[in-house]
Amino acid sequence: MKILNVVGARPNFIKIAPLIREMRRHPQITPILVHTGQHYDADMAGQFFEDLEIPNPDFQLGVGAGSHAYQTAEVMKRLEPILERERPQVVVVVGDVNSTMAGALAAAKLQLSVAHVEAGLRSFDRSMPEEINRVVTDAVSDILFASEDSGVRNLMAEGVPPHKIFFVGNVMIDSLMLSHRRWIRSTIHDRLGLPKGRYGILTLHRPANVDDPDTLKGLLSAVGDIADLIPIVFPVHPRTRRHLETAGERSLFFRSQDEQAPERGLFCVPPLGYLDFMALLASARFVLTDSGGIQEETTALGVPCMTLRHNTERPVTVSHGTNRLVGVSPDAIVKEAERILRSPLSNACPPPLWDGRASRRIVDILLDRFHER
Ligand code: UD1
Ligand code: UDP
């Protein structure tokens, strides 16, 4: 039974790792891995294959950066002949990036079965490129694996027949748990000179936050105020780096990973590998972020998360977890950070089925559906 898996961007690698691992436990499955090349820098791609022990891709499409239409079209063009040659029983796509949507569309047009992992999430905000990817991917998928209850409800509300929908839990949390014994040994705190429990983390990369210079400036001024109270480490995404450089943000100080952190202040480092980032996240006092995955990881780890957005497609992180939507107003962000710094830490309460076994459920369902007995 051939299962062809499509990945392209940083969060995809984290989601596919436990799935490939699970597929390889079954001799009747031949997993095929296609890397579109949407992300290509060593610290956005290669490092994740190493950290998460993902086997080398069987196919590299080398698509690289470009506009949405360019990236989507190139993935489809380059993937199509591989799909035609391999004729897998099912194509697995994960998450909500351009490579996800392009992989699903190319497969569906060839009448191949498509399984979407992390289906049904909705921010109901079509100005987010990911929301369009989610809606299109779900519309052409035959099997929809939901990570949280809202995903199931959204799909049902859109009229998806219930027999296509499976509530399986969160593969992102499988990765977090499976690699725990390795990230716990990371030396990142010593390398950065950060005392555990006494620093914050910032990540930013959503176009709505970083492509607009005024919004970016407002966010950085709020974070600068908070960084007067506690050091904040900022692993800078390449999109954000490009915009910081264009905006001439010289006040931001870039460090290598081997320079010690100051006692307070905001300091930038290059994007971190998965194991280092998980270790840093697990012992952070709080996180400021616009990432999707980090809202989930902080919920699983019980670390307070301030999401610098007005909405989330992952509402379970607010209802069950540690996530708060603080928006982008500098005053509101500073106020919430001060509140967190005054409060005791809360215990983590993992959402239903975020138990490290989502990949096993997914692969069992795929075997049941596609393996000819
Ligand atoms: C993409 C996803 C987003 C996801 C994010 C995860 C889409 C539409 N967006 O956003 O949903 O949250 O990945 O990080 O699919 N770049 C590099 N090196 C790299 C990769 C990117 O320099 O290895 C730079 C390029 O200048 C590129 C820019 O970053 O133009 C943006 O990359 P792109 O993949 O288009 O979008 P992301 O912002 O990374
Ligand atoms: N991440 C990492 N190093 C970093 C920043 C993020 O390993 O410097 C991991 C983290 O686990 C996060 C994941 O990459 O959940 C996905 O990242 P990103 O925020 O880029 O994508 P999103 O989840 O918003 O699509």
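Please read all numbers here as calculations on a predicted model, not as lab measurements. Heavy atoms only: backbone and side chains are in, while hydrogens, waters and symmetry mates are out. For ligands, and for the atoms within them, numbers begin at 1 and follow the listed sequence. In what follows, residues are counted from 1 in the order of the sequence shown.
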- Could you walk me through whether Glu130 and Arg206 pass the salt bridge (Lys or Arg N to Asp or Glu O under 4.0 Å) check? CA-CA 10 Å; Glu130 294 81 7; Arg206 296 255 95 84; 3.0 Å; yes

- Query: Hey, mind stepping through Glu148 and Arg153 against salt bridge (Lys or Arg N to Asp or Glu O under 4.0 Å) and telling me if it holds?
  - Reply: CA-CA 9 Å; Glu148 61 171 85; Arg153 280 186 275 113; over 6 Å; no

- Message: Walk me through whether Phe49 and Phe13 qualify under ring-ring contact (aromatic ring centres under 6.0 Å, His included).
- Response: CA-CA 7 Å; Phe49 279 75; Phe13 308 137; 5.1 Å; yes

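Close contacts between ligand 2 and Arg206 involve ligand atoms 24 (O) [criterion: under 4.0 Å to a heavy atom]. Atoms of ligand 1 found under 4.0 Å from any heavy atom of His68 (numbered from 1 in listed order, with element): 8 (C). For ligand 2, the atoms sitting less than 4.0 Å from at least one non-hydrogen atom of Met278 are 11 (O), numbered in the order shown with element in parentheses. Heavy-atom proximity to Leu272, at under 4.0 Å, picks out these atoms of ligand 2: 2 (C), 3 (N), 4 (C), 7 (O), 8 (O). Every atom of ligand 1 is numbered from 1 in the order shown, and the set under 4.0 Å from a heavy atom of Met44 is 23 (O). Proximity to Ala65 (heavy-atom distance under 4.0 Å) selects the following atoms of ligand 1: 25 (C), 27 (C), 30 (O). Under a 4.0 Å criterion applied to the non-hydrogen atoms of Pro271, ligand 2 contributes the atoms 8 (O). Listed by number with element, the atoms of ligand 2 under 4.0 Å from a non-hydrogen atom of Phe48 are 2 (C), 7 (O). Listed by atom number, the atoms of ligand 2 under 4.0 Å from Gly292 heavy atoms are 22 (P), 23 (O), 24 (O). Of all atoms in ligand 2, numbered sequentially from 1 with element shown, those under 4.0 Å from a heavy atom of Tyr274 are 7 (O), 11 (O). Close approach to Glu130 involves these atoms of ligand 1, each under 4.0 Å from a residue heavy atom: 3 (C), 9 (N), 11 (O). Atoms of ligand 2 lying under 4.0 Å from at least one heavy atom of Ile294, given by number and element, are 12 (C), 15 (O).
Between the side chains of Gln47 and Asp51, at least one donor-acceptor pair of N or O atoms lies under 3.5 Å. Side chains of Thr100 and Asn133: a donor-acceptor N/O pair is absent below 3.5 angstrom, by distance only. For Thr36 and Ser99, the side-chain atoms include at least one donor-acceptor pair closer than 3.5 Å. Under the 3.5 Å distance criterion, with hydrogens and angles disregarded, a donor-acceptor pair is assigned to the side chains of Ser127 and Asp125. Judged purely by distance below 3.5 Å, without hydrogens or angles, the side chains of Thr307 and Asn323 pair a donor atom with an acceptor atom. At a cut-off of 3.5 Å, with distance as the only test, a side-chain donor of Asn170 or Glu296 sits close to an acceptor on the other residue.
Summary of contacts: the protein heavy atom closest to atom 24 (C) of ligand 1 is Pro238 CB, 3.8 Å. Of the protein's non-hydrogen atoms, Val97 CG1, 3.7 Å is the one closest to atom 2 (C) of ligand 1. Among protein heavy atoms, atom 23 (O) of ligand 2 sits closest to Gly293 N, 2.7 Å. The nearest protein atom to atom 35 (O) of ligand 1, hydrogens excluded, is given as Gln71 NE2, 3.5 Å; this is a heavy-atom distance. Looking from atom 1 (N) of ligand 2 to the surrounding protein, the closest heavy atom is Phe277 CD2, 3.6 Å. With respect to atom 28 (C) of ligand 1, the closest heavy atom belonging to the protein is Arg242 NH2, 3.8 Å. The shortest contact between atom 17 (C) of ligand 1 and any protein heavy atom is with Tyr40 OH, 3.1 Å. For atom 21 (O) of ligand 2, the nearest non-hydrogen atom of the protein is Pro11 CG, 3.6 Å. Counting only heavy atoms of the protein, atom 31 (C) of ligand 1 lies nearest to Arg239 NH2, 3.9 Å. Among protein heavy atoms, atom 8 (C) of ligand 1 sits closest to Asn98 OD1, 3.2 Å. Looking from atom 6 (C) of ligand 2 to the surrounding protein, the closest heavy atom is Arg10 CZ, 3.6 Å.
Not close to ligand 2: Glu296, with no non-hydrogen atom less than 4.0 angstrom away. Not a single heavy atom of Thr203 lies less than 4.0 angstrom from ligand 2. For Ala45, the closest heavy-atom approach to ligand 1 does not fall below 4.0 Å. Under the 4.0 angstrom criterion for non-hydrogen atoms, Met172 is in contact with ligand 2. In this structure, Gly273 counts as a contact residue of ligand 2, since one of its heavy atoms falls inside 4.0 Å of the ligand. Between Arg206 and ligand 1 there is a heavy-atom distance shorter than 4.0 Å.
Linking ILVMFWY side-chain heavy atoms closer than 4.5 Å, directly or via other members, places Phe48 and Val93 in two distinct hydrophobic clusters. In this structure, Leu121 is not a member of the same hydrophobic cluster as Leu176, with clusters built from ILVMFWY side-chain heavy atoms closer than 4.5 Å. By the criterion of side-chain heavy atoms lying less than 4.5 angstrom apart, applied directly or through intervening Ile, Leu, Val, Met, Phe, Trp or Tyr residues, Leu52 is grouped together with Leu275 in one hydrophobic cluster.
Residues Asp290 and Arg309 come closest through the heavy atom pair O-CD, 3.8 Å.
Contact annotation: for Ser291 versus ligand 2, heavy atoms closer than 4.0 Å belong to both the backbone and the side chain. Residue contacts with ligand 2 for Asp276 are absent, since no atom lies close enough (heavy atoms, distance under 4.0 Å). At a 4.0 Å heavy-atom cut-off, ligand 1 touches His39 through backbone and side chain alike. Counting heavy atoms closer than 4.0 Å to ligand 1, residue Pro11 contributes side-chain atoms (C-beta onward) but none from N, CA, C or O.
Closest heavy-atom approach to atom 14 (O) of ligand 2 within the set Asn12, Ile14, Asp96, Asp43: this belongs to Ile14. With distances taken over non-hydrogen atoms, the option nearest atom 12 (C) of ligand 2 out of Glu297, Glu130, Glu118, Met44 is Glu297. Of the candidates Met101, His205, Arg10, it is His205 that places a heavy atom closest to atom 12 (O) of ligand 1.
Considering both main-chain and side-chain atoms, Asn133 never comes within under 3.5 Å of ligand 1 through any nitrogen or oxygen pair. Considering backbone and side-chain atoms together, His237 places an N or O closer than 3.5 Å to an N or O of ligand 1.
Ring-plane geometry between His237 and His205 is classed as parallel, the angle between the planes falling under 30 degrees on a 0 to 90 degree scale with a further cut at 60.
More than 12 heavy-atom neighbours from other residues, nucleotides or ligands sit within 6.0 angstrom of CZ on Arg87. Around atom NZ of Lys2, more than 12 heavy atoms belonging to other residues, nucleotides or ligands sit under 6.0 Å away. Enclosure of atom CZ in Arg21 is not indicated, since only 12 or fewer non-hydrogen atoms of other residues, nucleotides or ligands lie within 6.0 angstrom.
Counting heavy atoms from C-beta outward, Ile16 and His35 have side chains that stay 4.5 Å or more apart. Put simply, the side chain of Ser113 does not reach to within 4.5 Å of the side chain of Val91, judged on heavy atoms.
Between the side chain of Asn12 and the main chain of Ala9, a donor-acceptor pair closer than 3.5 Å is present.
Under the side chain to side chain contact (heavy atoms under 4.5 Å, CB included) rule, Leu308 has a single partner from Leu325, Thr289, Leu204, Thr215, which is Leu204.
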